[in-house]
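Structure first, then comments.
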Number of protein chains: 2
Amino acid sequence: MSGMTMATEARPFSEPLDRLKRAGLRPTRQRLALARLLFSRGDRHVSAEQLHAEAKTARVVVSLATVYNTLNQFTRAGLLREVVVKAGRSYFDTNTSDHHHVLAVATGDLMDIPAGTLAVSGLPEVPDGLEVERVDVVVRLRPRA
Amino acid sequence: MSGMTMATEARPFSEPLDRLKRAGLRPTRQRLALARLLFSRGDRHVSAEQLHAEAKTARVVVSLATVYNTLNQFTRAGLLREVVVKAGRSYFDTNTSDHHHVLAVATGDLMDIPAGTLAVSGLPEVPDGLEVERVDVVVRLRPRA
DNA sequence: AGATAGATTAGATCCATTCTAAACTGTTGA
DNA sequence: TCAACAGTTTAGAATGGATCTAATCTATCT
């Protein structure tokens with residue numbers, strides 16, 4: 001974990017910076033720190049409040065408003081994907097590739113289903129002037145009766 | 001639209017009453033009126049605010065709190081199904097049979113996809129102690145680029 | 001009809017999210 | 001290098017959907 005230059009795969013500090021630049025977002029202290037929290041450990045599903053708390057723990061000074069702004073900007077830039085599975089709360093998924101979700105309703109646990117394993121067939125015809133943005137599949141699990 | 005007795009299929013006034021009774025809910029004036037609004041014209045997707053406005057238009061005196069209560073009770077009783085497609089707003093679907101949805105993101109229009117036409121294959125294994133409650137598919141449409 | 005559990009209600013409250021407008025900062029170009 | 005400006009951050013206010021409270025009302029049972 002030093003600042004030295006090395007292969008792309010192992011550049012934990014400059015990778016977030018590149019992401020921001022590519023997305024046309026100014027690499028500010030706050031955005032860099034949040035990008036680091038979001039992207040440095042695999043696929044995650046976070047809410048704004050969660051990320052804000054995490055930032056606080058990591059001694060990153062950032063307001064809740066900025067966390068919201070940043071999550072929305074990252075989403076618009078394609079760095080995150082919004083997941084709507086629960087009324088009244090938004091989650092953001094760091095996995096932006098084509099995939100689906102399993103939700104354990106009782107616990108709120110959300111997991112990815114890799115794209116390849118699941119297939120949807122028989123999609124209806126798309127009305128004129130519209131196109132499919134994406135197809136979301138959510139498998140809802142409950143405790144066995 | 002008269003109160004006369006006739007075959008089950010065409011009994012607009014007593015059908016809601018039967019529904020409530022079967023669900024173990026007291027047939028109050030408010031619940032009957034809301035059931036009538038909800039179920040007397042085909043499959044619908046409504047929010048609480050929408051239904052409340054509709055009730056007002058129909059000269060049905062009912063508070064917003066009761067609309068919320070009723071929608072939740074009906075959902076618990078299996079008369080409605082909650083549809084989560086938009087962060088921060090709940091919709092209730094009068095179609096409780098197995099089916100999916102198409103959402104026109106730009107307009108907010110929500111339409112049903114009949115169960116038969118669409119198939120999901122390759123569902124992941126279900127962890128021990130859990131079972132599939134249901135599988136929701138949402139096809140998101142956007143204006144063609 | 002009287003008793004009572006359940007239902008309704010207005011208004012307060014909650015909570016996630018967005019807005020506001022003032023202060024701050026990254027970037028650009030002289 | 002640094003002034004200037006557009007973009008960013010921020011605390012706190014505002015918004016909006018949904019729930020809660022506790023007082024009043026009503027369907028139901030005896």
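As the structure is a computational prediction, the values presented were derived from the model and not from experiment. Order of the sequence lines fixes the chain letters, A, B, ..., with proteins taken first and strands second; residue numbering starts at 1 for each chain.
- At dA7(C), one or more side-chain N or O atoms of Arg31(B) fall inside 4.0 Å of OP1 or OP2 (strictly under the cut-off).
- Between Leu71(A) atom CG and dT18(C) atom P the separation is 10 Å, expressed in whole Å.
- In the set dA7(C), dT17(C), dT27(C), the nucleotide with an atom closest to the side chain of Pro27(A) is dT27(C).
- If you take CZ of Arg29(B) and C1' of dA7(C), they are 11 Å apart, rounded to a whole angstrom.
- Contact annotation for Thr28(B): backbone-only contact, meaning every heavy-atom pair under 4.0 Å involves sugar-phosphate atoms and none involves a base.
- The nearest whole Å value for the distance from the NZ atom in Lys86(A) to the C1' atom in dC15(C) is 12 Å.
- Nucleotides of DNA chain D with any atom under 4.0 Å from a heavy atom of chain B span, from 5' to 3', dG17(D) to dT28(D).
- The distance from atom CG of Leu32(B) to atom P of dA7(C) is 13 Å, rounded to the nearest whole Å.
- Between His99(A) and Asp93(A), the side chains place a donor N or O and an acceptor N or O closer than 3.5 Å (distance only, hydrogens not considered).
- Both Gly88(B) and Asn69(B) lie near DNA chain D, and the one whose nearest nucleotide falls closer to the 5' end is Gly88(B).
- Taking the ring axis of Phe92(A) as reference, the NZ or CZ atom of Arg81(A) does not stay both within 45° of it and closer than 6.0 Å to the ring centre.
- Considering every non-hydrogen atom in both Ala55(B) and Val62(B), the closest pair reads CB-CG1, 3.7 Å.
- Among the heavy atoms of the strands lying under 4.0 Å from Arg89(B) are primed sugar atoms or P, OP1, OP2 only; no base atom is included.
- Mapped onto DNA chain C by nearest heavy atom, Ala87(B) and Ser63(B) fall at different nucleotides, with Ser63(B) at the one closer to the 5' end.
- Cluster annotation: Leu123(A) and Ile113(A) are assigned to the same hydrophobic cluster (Ile/Leu/Val/Met/Phe/Trp/Tyr, side-chain heavy-atom contacts under 4.5 Å, transitive).
- Contacts of Val61(A) with the nucleic acid, taken as non-hydrogen atoms under 4.0 Å apart, involve only primed sugar atoms and P, OP1 or OP2.
- Computed from coordinates, the Tyr68(A) OH to dT18(C) C1' distance equals 9 Å when rounded to whole Å.
- Shown here for Phe74(A) and Arg31(A), the closest heavy-atom pair between the two residues is CZ-O, 3.9 Å.
- Between His45(B) and His101(B), the two ring planes are perpendicular [angle over 60°; tilted spans 30° to 60°].
- Residue Ser90(A) is in sugar-phosphate contact alone, with no base atom involved, counting any heavy-atom pair closer than 4.0 Å across all strands shown.
- If you take CG of Leu64(A) and C1' of dT17(C), they are 8 Å apart, rounded to a whole angstrom.
- Each of Leu79(A), Thr70(A), Leu51(A) was compared with Leu38(A) under the side chain to side chain contact (heavy atoms under 4.5 Å, CB included) criterion, and only Leu51(A) meets it.
- Between the CD atom of Glu49(A) and the C1' atom of dC15(C) there is a distance of 8 Å, given to the nearest Å.
- Per the geometry, CZ belonging to Arg76(A) stands 10 Å off P belonging to dT18(C), to the nearest Å.
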